[in-house]
Participant: 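The structure follows.
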Amino acid sequence: MNKAILLGRLVRDPEVRYTQTGKVVCQFTLAIDRPYASQDGQKEADFIPVVIWGKQAETCGNSFAKGQRALVEGRIQTRSYDAKDGSKRYVTEIVADRFEFIERKADTQNQNPVAKESMEAFGKSVPFDEDVPF
């Protein structure tokens with residue numbers, strides 16, 4: 001079985017492209033905090049490339065933004081290609097089957113004060129705890 005579930009923040013805005021056959025593909029990188037700090041006390045992160053195809057790729061490209069938290073479910077895939085200098089390069093990435101928004105784009109960018117005020121009517125914001133035991 002090959003299954004990966006990742007929760008992290010987008011390093012930059014997603015990149016949406018179309019293949020020569022007209023298929024849409026979205027690529028982005030998730031920064032995922034490691035559960036421990038280094039010896040000098042610094043938190044470390046892994047930067048995992050993610051690829052999504054089809055209609056979901058368009059949705060990701062239109063909805064995700066740099067710094068936004070996202071949950072991605074998919075499989076680990078390794079591929080290789082020949083670089084322009086003739087060397088062989090290997091890439092390991094997550095090919096996503098589905099994704100979920102963990103926070104709204106407006107929350108990340110603070111561009112929509114009306115939405116923030118309307119959410120405050122529901123009560124105080126509770127931080128998300130990534131250390132969920134399961």
Side-chain angles (χ1 to χ4, degrees):
M1 178 187 295
N2 182 356
K3 186 167 190 135
I5 300 172
L6 305 173
L7 174 64
R9 291 194 182 274
L10 273 72
V11 174
R12 61 184 159 275
D13 288 341
E15 179 183 323
V16 178
R17 294 180 292 119
Y18 291 86
T19 65
Q20 292 176 348
T21 60
K23 293 183 180 180
V24 63
V25 60
C26 179
Q27 294 179 306
F28 56 89
T29 301
L30 281 181
I32 302 169
D33 290 333
R34 291 184 178 172
Y36 53 85
S38 64
Q39 289 182 348
D40 60 351
Q42 295 288 332
K43 281 202 103 176
E44 295 182 359
D46 292 304
F47 298 90
I48 311 294
V50 178
V51 178
I52 299 179
W53 292 87
K55 182 70 176 163
Q56 290 186 359
E58 291 177 352
T59 304
C60 282
N62 293 330
S63 304
F64 281 147
K66 177 182 178 179
Q68 189 174 6
R69 293 178 71 163
L71 179 73
V72 174
E73 182 179 332
R75 68 183 190 282
I76 299 171
Q77 179 174 290
T78 304
R79 60 183 172 86
S80 64
Y81 65 93
D82 294 324
K84 291 181 181 178
D85 64 359
S87 64
K88 191 164 198 118
R89 304 281 172 102
Y90 295 91
V91 179
T92 301
E93 58 199 2
I94 302 298
V95 178
D97 298 324
R98 59 186 221 107
F99 65 91
E100 290 189 27
F101 301 102
I102 300 302
E103 60 190 7
R104 293 188 322 253
K105 194 185 240 184
D107 289 344
T108 305
Q109 298 173 345
N110 277 339
Q111 291 181 350
N112 192 350
V114 175
K116 187 174 182 181
E117 289 172 10
S118 64
M119 291 302 288
E120 287 174 353
F122 288 106
K124 212 163 108 178
S125 177
V126 177
F128 181 77
D129 183 12
E130 291 188 42
D131 297 328
V132 179
F134 54 89

Participant: Could you grab the distance from atom CG of D13 to atom CZ of F64, nearest 0.5 Å is fine?
Facilitator: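 One gets 11.5 Å once the value is rounded to the nearest 0.5 Å.
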Participant: Which atoms form the tightest heavy-atom contact between V50 and A96, and what is the distance?
Facilitator: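 That closest heavy-atom pairing would be CG1-CB, 4.1 Å.
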Participant: As an exercise, state the distance from CD of Q56 to CZ of R98, rounded to the nearest 0.5 Å.
Facilitator: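 Here the rounded value is 9.0 Å.
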Participant: How long is the straight-line distance from CZ of F28 back to CZ of R12, given to the nearest 0.5 Å?
Facilitator: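 Reported to 0.5 Å precision, the distance equals 11.5 Å.
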Participant: Go through the steps for I32 and I48 under the test side chain to side chain contact (heavy atoms under 4.5 Å, CB included), then give the verdict.
Facilitator: CA-CA 8 Å; I32 302 169; I48 311 294; 3.8 Å; yes
Participant: Locate the shortest heavy-atom distance separating A70 from L10; write the atom from each residue and the value.
Facilitator: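 Closest heavy-atom pair between A70 and L10: CB-CD1, 3.9 Å.
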Participant: Using the rule that Ile, Leu, Val, Met, Phe, Trp and Tyr join whenever any side-chain heavy atoms are under 4.5 Å apart, tell me whether F99 and L6 fall into a single cluster.
Facilitator: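 Yes, it is one cluster - the side chains of F99 and L6 are joined through contacts under 4.5 Å.
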Participant: Does a donor on one side chain sit under 3.5 Å from an acceptor on the other, for R79 and Q77?
Facilitator: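 There is no such pair between these side chains.
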Participant: Does any N or O in the side chain of D82 come within less than 3.5 Å of the main-chain N or O of K88, such that one atom is a donor and the other an acceptor?
Facilitator: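 A pair under 3.5 Å: no.
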Participant: With sequence neighbours excluded, what pairs up with Q20 under the side chain to side chain contact (heavy atoms under 4.5 Å, CB included) test?
Facilitator: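 Partners of Q20 under the side chain to side chain contact (heavy atoms under 4.5 Å, CB included) test: none.
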Participant: Test side chain to side chain contact (heavy atoms under 4.5 Å, CB included) on I5 and V72 and set out the steps.
Facilitator: CA-CA 6 Å; I5 300 172; V72 174; over 6 Å; no
Participant: Quick one: does V11's side chain get under 4.5 Å of F47's, heavy atoms only?
Facilitator: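 V11 reaches F47 side chain to side chain.
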Participant: Using modelled atom types only, decide if a donor and an acceptor are shared between the side chain of S63 and the backbone of T59 within a distance under 3.5 Å.
Facilitator: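 Yes, S63 side chain to T59 backbone: donor-acceptor pair under 3.5 Å.
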Participant: Just verifying a value: how many Å separate F101 CZ and Q68 CD, rounded to the nearest 0.5 Å?
Facilitator: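 Answer for the CZ-CD pair, F101 versus Q68, is 7.0 Å.
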Participant: Are I52 and V16 connected, step by step, through hydrophobic side chains (Ile, Leu, Val, Met, Phe, Trp, Tyr) whose heavy atoms are closer than 4.5 Å?
Facilitator: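 Each belongs to a different hydrophobic cluster.
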Participant: If you round to the nearest 0.5 Å, how far is NZ of K55 from SG of C26?
Facilitator: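 Between C26 SG and K55 NZ, I get 13.0 Å after rounding to 0.5 Å.
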Participant: Test your reading of the model: is there a side-chain donor-acceptor pair from N2 to the backbone of I76, 3.5 Å cut-off?
Facilitator: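 Between the backbone of I76 and the side chain of N2 there is a qualifying donor-acceptor contact (under 3.5 Å).
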Participant: Determine, stepwise, if the pair K3 / E73 fulfils side chain to side chain contact (heavy atoms under 4.5 Å, CB included).
Facilitator: CA-CA 7 Å; K3 186 167 190 135; E73 182 179 332; 2.8 Å; yes
Participant: Is a donor on one side and an acceptor on the other found under 3.5 Å between the side chain of R9 and the backbone of G67?
Facilitator: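 Checked: pair present.
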Participant: I need the Y36 OH to E44 CD distance, nearest 0.5 Å.
Facilitator: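 Between atom OH of Y36 and atom CD of E44 there are 6.0 Å.
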Participant: Between the side chains of T19 and R17, does any donor sit under 3.5 Å from an acceptor?
Facilitator: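 There is no such pair between these side chains.
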Participant: Checking side chain to side chain contact (heavy atoms under 4.5 Å, CB included) for the pair I94/V51: CA distance, chi angles, key distance, verdict?
Facilitator: CA-CA 6 Å; I94 302 298; V51 178; over 6 Å; no
